[in-house]
Structure formats: structure tokens, C-alpha cells
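Structure record follows, encoded as C-alpha cells.
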Amino acid sequence: QLQASGGGLVQTGDSLRLSCTISPRTFDPYVMGWLRQAPGKEREFVAALRWSGRNTYYGDSVKDRFAISRDNARMTVSLQMGSLTPEDTAVYYCATIVYRGSFSGSYFNPQSYDVWGQGTQVTVSS
């Protein structure tokens with residue numbers, strides 16, 4: 001239901017764009033997010049936005065380098081990543097918090113996300 005693409009092998013300082021498409025749409029997304037997991041580490045929040053509204057949210061380690069955006073008509077959310085470093089190497093997951101009328105959790109908590117994509121590998125070489 002969430003199809004992520006765009007990962008790959010890049011060098012330090014490079015940019016990369018990830019995309020995630022909701023297909024087929026069997027739910028109403030409330031929040032769309034990108035999270036990542038590096039080998040031996042816990043899953044980490046990267047960025048998120050509400051499906052309606054303008055606010056965006058970023059993890060401290062990617063703030064000012066990454067930008068999340070959406071295309072409602074195409075049911076797509078993207079993550080533009082810049083100034084990449086080896087510390088950004090991870091599997092990146094697209095995930096959503098499904099709209100159920102109310103939400104009292106945290107966008108920054110990976111456990112808040114209900115539906116996950118398959119993940120796409122991003123490797124940054126030094």
C-alpha cells in the first residue's frame with residue numbers, strides 16, 4: 001500500500017530524493033512520515049507532514065538538510081535529502097498514521113505509525 005523508491009548509493013555531500021506512493025488507497029492518511037533504521041540501531045524519526053495542512057516536522061539530525069513534501073493529487077510524499085553523510089546510511093521507510101478521527105500520540109514516535117512501506121536502502125560513502 002506504500003511504495004517507496006529512490007534509494008541508492010551516493011557520496012558524502014550528495015543529494016537524493018525519495019518518493020512514496022499510496023497505492024492502492026485503502027485508508028485516509030492523517031500524517032505521512034519518513035523514518036529510518038541503520039544497522040544495529042533503533043528505528044528513527046526523520047520527517048513528517050500532515051496530509052492536510054502546511055506544517056512539517058523534522059528530526060534534529062536532518063533539520064535544515066532534508067525537506068518533506070507531498071502531492072495530494074498523486075498520493076505521493078517525497079523526501080529531498082541534501083548534504084548527505086555516512087551517518088545518513090540506513091533503510092528509509094515511508095509510513096503513515098491513518099486518520100481515525102482523533103490522534104493523541106506523537107508524530108516523532110515510530111510506534112505511532114500504522115502502515116509501513118517496504119523500505120528503500122540509502123548508502124552514503126565517505
Side-chain angles (χ1 to χ4, degrees):
Q1 293 180 339
L2 295 178
Q3 301 174 15
S5 62
L9 173 63
V10 297
Q11 296 183 338
T12 296
D14 283 352
S15 299
L16 197 62
R17 186 176 182 88
L18 306 182
S19 293
C20 175
T21 301
I22 302 174
S23 180
R25 181 177 176 174
T26 59
F27 54 83
D28 287 328
Y30 174 59
V31 169
M32 292 296 300
W34 287 96
L35 303 98
R36 67 187 182 186
Q37 188 165 21
K41 295 188 177 181
E42 293 187 352
R43 200 162 286 188
E44 175 190 16
F45 172 82
V46 176
L49 51 69
R50 291 176 59 176
W51 196 247
S52 60
R54 298 183 177 182
N55 289 352
T56 56
Y57 308 87
Y58 296 95
D60 289 340
S61 62
V62 306
K63 201 173 295 183
D64 299 326
R65 297 189 299 124
F66 291 11
I68 188 171
S69 61
R70 70 175 192 269
D71 183 330
N72 291 49
R74 297 185 177 183
M75 297 300 293
T76 297
V77 62
S78 297
L79 183 69
Q80 180 67 44
M81 305 185 293
S83 301
L84 287 163
T85 74
E87 287 67 38
D88 296 312
T89 295
V91 176
Y92 283 71
Y93 297 91
C94 172
T96 186
I97 299 173
V98 175
Y99 178 75
R100 295 191 173 91
S102 65
F103 177 73
S104 60
S106 169
Y107 304 164
F108 297 86
N109 184 351
Q111 295 184 354
S112 295
Y113 293 80
D114 305 293
V115 181
W116 292 73
Q118 81 281 10
T120 185
Q121 177 70 47
V122 173
T123 303
V124 184
S125 64
S126 57

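What's counted below: heavy atoms across the whole structure, side chains too, no hydrogens, waters or symmetry copies. Sequential numbering from 1 along the given sequence is applied to the chain's residues.
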Checking Met81 against Val46 for the side chain to side chain contact (heavy atoms under 4.5 Å, CB included) test, could you report, in this order, the C-alpha distance in whole Å, the side-chain angles of both residues, the deciding distance, and whether it holds? CA-CA 11 Å; Met81 305 185 293; Val46 176; over 6 Å; no
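- With values rounded to the nearest 0.5 angstrom, Cys20 atom SG is found 9.5 Å from Met75 atom CE.
- A distance of 4.5 Å separates CG of Leu18 from CH2 of Trp34, quoted to the nearest 0.5 Å.
- The side-chain contact (heavy atoms from CB on, under 4.5 Å) search around Gln1 returns Thr26, Phe27, Val115, not counting sequence neighbours.
- The two residues Asp114 and Val98 make their nearest non-hydrogen contact at OD2-N, 2.7 Å.
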The test is side chain to side chain contact (heavy atoms under 4.5 Å, CB included); show your working for Ile68 and Met32 and say whether it passes. CA-CA 9 Å; Ile68 188 171; Met32 292 296 300; 5.5 Å; no
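- A donor-acceptor pair under 3.5 Å is formed between the side chain of Thr76 and the backbone N or O of Arg74.
- In this structure, Val124 and Thr85 approach most closely via the heavy-atom pair CB-O, 3.3 Å.
- In this structure, Asp64 places its CG atom where only 12 or fewer heavy-atom neighbours from other residues, nucleotides or ligands lie under 6.0 Å away.
- One N or O on the side chain of Ser112 and one on the backbone of Ser106 form a donor-acceptor pair closer than 3.5 Å.
- Scanning all heavy atoms of the two residues, the minimum distance from Ala90 to Ala38 falls at CB-N, 3.8 Å.
- Defined by atom type and a distance below 3.5 Å, a donor-acceptor pair is missing between the side-chain atoms of Ser78 and Gln80.
- Here Val31 is tied into one hydrophobic group with Tyr30, Leu35, Phe45, Tyr57, Val91, Tyr93, Ile97, Tyr99, Phe103, Tyr107, Phe108, Tyr113, Trp116, each link being a pair of ILVMFWY side chains closer than 4.5 Å.
- For the residue pair Arg36 and Ser61, a side-chain donor N or O sits within less than 3.5 Å of a side-chain acceptor on the partner.
- Evaluated for a side chain to side chain donor-acceptor pair (under 3.5 Å) with Gln37, the options Glu42, Arg43, Glu44 yield exactly one hit, Arg43.
- Using modelled atom types, no side-chain atom of Thr96 and backbone atom of Gly33 make a donor-acceptor pair closer than 3.5 Å.
- The two atoms that bring Val122 and Gly7 nearest to each other are CG2-CA, 4.1 Å, heavy atoms only.
- In this structure, Gln121 and Leu9 have side chains that are not in contact, with every pair of non-hydrogen atoms separated by 4.5 Å or more.
- Ser83 places no side-chain N or O within 3.5 Å of a backbone atom of Asp14 that could act as its donor or acceptor partner.
- Nearest approach of Ser125 to Pro86, heavy atoms of both residues: C-CG, 4.4 Å.
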Can you give the donor-acceptor pairs under 3.5 Å from side chains of residues 49-56 to other protein atoms, not counting sequence neighbours?
none

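- Considering all non-hydrogen atoms of both residues, Cys94 and Ala4 come closest at CB-CB, 4.4 Å.
- When the shell of 6.0 Å around CD of Gln3 is examined, it contains more than 12 heavy atoms from other residues, nucleotides or ligands.
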Before you tell me yes or no, could you show the steps for Leu16 and Phe66 under side chain to side chain contact (heavy atoms under 4.5 Å, CB included), namely the whole-Å CA-CA distance, both residues' side-chain angles and the distance that decides it to 0.1 Å? CA-CA 10 Å; Leu16 197 62; Phe66 291 11; over 6 Å; no
